[in-house]
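Index from 1, following the sequence.
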Amino acid sequence: MSSFVKRKKTKINLKTRLKKKVEESPPWLKALFDFVEMPPMDTVFRRLFLFAFMGGWSIMNSAEGGPAFQVAVSLAACIYFLNEKTKSLGRAFLIGIGALVAGWFCGSLVIPMIPTVLINPAWTLELLTSLVAYVFLFLSCTFLK
């Protein structure tokens with residue numbers, strides 16, 4: 001019985017361990033963690049639905065000249081959400097544009113490396129790059145402070 005009590009007492013508490021690791025981390029890592037937050041799950045799901053809808057809309061209209069309008073609407077939504085959170089339109093604009101540029105750049109690098117067997121032949125590089133940009137916009141407007 002005493003060994004059971006001892007094992008129960010020394011149960012691993014992951015939250016406490018992670019908190020201790022963050023407190024012991026270097027200052028630059030603390031600053032990075034201060035830049036990220038976890039919003040309520042309903043907020044995450046609403047924004048996920050919006051960007052998934054934009055991605056689906058881009059895929060459905062992929063033959064009609066590219067997803068430029070959908071990317072612009074997604075960027076505007078991202079800037080709106082960030083402005084709501086940060087109360088600074090300038091910072092929201094910079095983070096939104098930065099997320100779009102980073103997503104477009106990463107999409108332009110990663111998408112050509114994917115074998116063509118895995119990709120629908122009707123999907124263009126611009127469409128696939130915009131889908132990666134939607135992921136970056138979603139992550140930035142949902143999880144960044």
Side-chain angles (χ1 to χ4, degrees), residues 4 7-145:
F4 173 72
R7 278 189 312 218
K8 193 170 181 174
K9 228 180 211 182
T10 60
K11 187 172 122 180
I12 297 172
N13 190 348
L14 191 59
K15 273 189 175 180
T16 308
R17 282 181 116 181
L18 284 174
K19 198 175 229 181
K20 188 189 297 184
K21 289 280 188 191
V22 169
E23 288 172 356
E24 295 171 355
S25 62
W28 63 270
L29 191 59
K30 287 181 187 176
L32 184 65
F33 284 137
D34 288 340
F35 200 60
V36 178
E37 72 176 354
M38 182 63 184
M41 288 308 289
D42 64 324
T43 303
V44 173
F45 286 132
R46 274 191 259 132
R47 291 179 185 173
L48 180 64
F49 175 77
L50 172 72
F51 286 100
F53 174 76
M54 288 303 198
W57 188 15
S58 297
I59 291 170
M60 298 304 287
N61 293 333
S62 63
E64 298 177 11
F69 179 71
Q70 291 90 339
V71 171
V73 170
S74 297
L75 176 63
C78 180
I79 291 171
Y80 172 76
F81 292 140
L82 284 166
N83 184 41
E84 207 174 52
K85 195 184 311 185
T86 63
K87 306 291 188 232
S88 169
L89 186 60
R91 182 175 178 176
F93 185 78
L94 286 175
I95 293 173
I97 292 291
L100 178 64
V101 168
W104 205 266
F105 181 74
C106 289
S108 297
L109 292 178
V110 171
I111 297 299
M113 293 182 206
I114 298 174
T116 54
V117 176
L118 301 175
I119 300 172
N120 186 342
W123 293 0
T124 63
L125 177 65
E126 183 183 14
L127 172 67
L128 294 169
T129 303
S130 70
L131 295 176
V132 174
Y134 294 147
V135 171
F136 275 71
L137 288 169
F138 164 73
L139 292 174
S140 69
C141 77
T142 306
F143 298 107
L144 293 182
K145 285 185 186 177

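Separating the CZ atom in Phe81 from the CZ atom in Phe138 is a distance of 10.5 Å, to the nearest 0.5 Å. In this structure, the separation between OH on Tyr80 and CD on Glu84 is 4.0 Å, given to the nearest 0.5 Å. Separating the OG1 atom in Thr142 from the CE atom in Met38 is a distance of 9.5 Å, to the nearest 0.5 Å. The structure places CG of Leu131 at 11.0 Å from CD of Glu126, a figure rounded to the nearest 0.5 Å. Separating the CG atom in Leu75 from the CG atom in Leu100 is a distance of 5.5 Å, to the nearest 0.5 Å. In this structure, OG in Ser130 is found 10.0 Å from CH2 in Trp123, a value given to the nearest 0.5 Å.
Taking every heavy atom of both residues into account, Ser58 and Pro67 meet most closely at OG-CB, 3.6 Å. Residues Glu37 and Leu144 approach most closely at OE2-O, 4.4 Å, considering heavy atoms. Here the closest heavy-atom approach between residue Ile79 and residue Ala92 is recorded as O-CB, 3.6 Å. Looking at every heavy atom in both residues, Val71 comes nearest to Tyr134 through N-OH, 3.6 Å. In this structure, Gly96 and Cys78 approach most closely via the heavy-atom pair CA-SG, 4.2 Å. Among all heavy-atom pairs drawn from Leu50 and Ala77, the shortest one is CD2-CB, 3.7 Å.
If you run side-chain contact (heavy atoms from CB on, under 4.5 Å) between Leu82 and each of Leu89, Leu94, Leu137, Ile95, only Ile95 comes through.
When side chains are defined from C-beta on, Val110 does not count as touching Val132, because their heavy atoms never get closer than 4.5 Å.
Aromatic ring orientation, Phe49 versus Phe53: parallel (interplanar angle below 30°, classes split at 30° and 60°).
The main-chain N or O of Cys141 is found under 3.5 Å from a side-chain atom of Arg47 such that the two form a donor-acceptor pair.
Residue Phe143 places its CZ atom among more than 12 non-hydrogen atoms of other residues, nucleotides or ligands, all under 6.0 Å distant.
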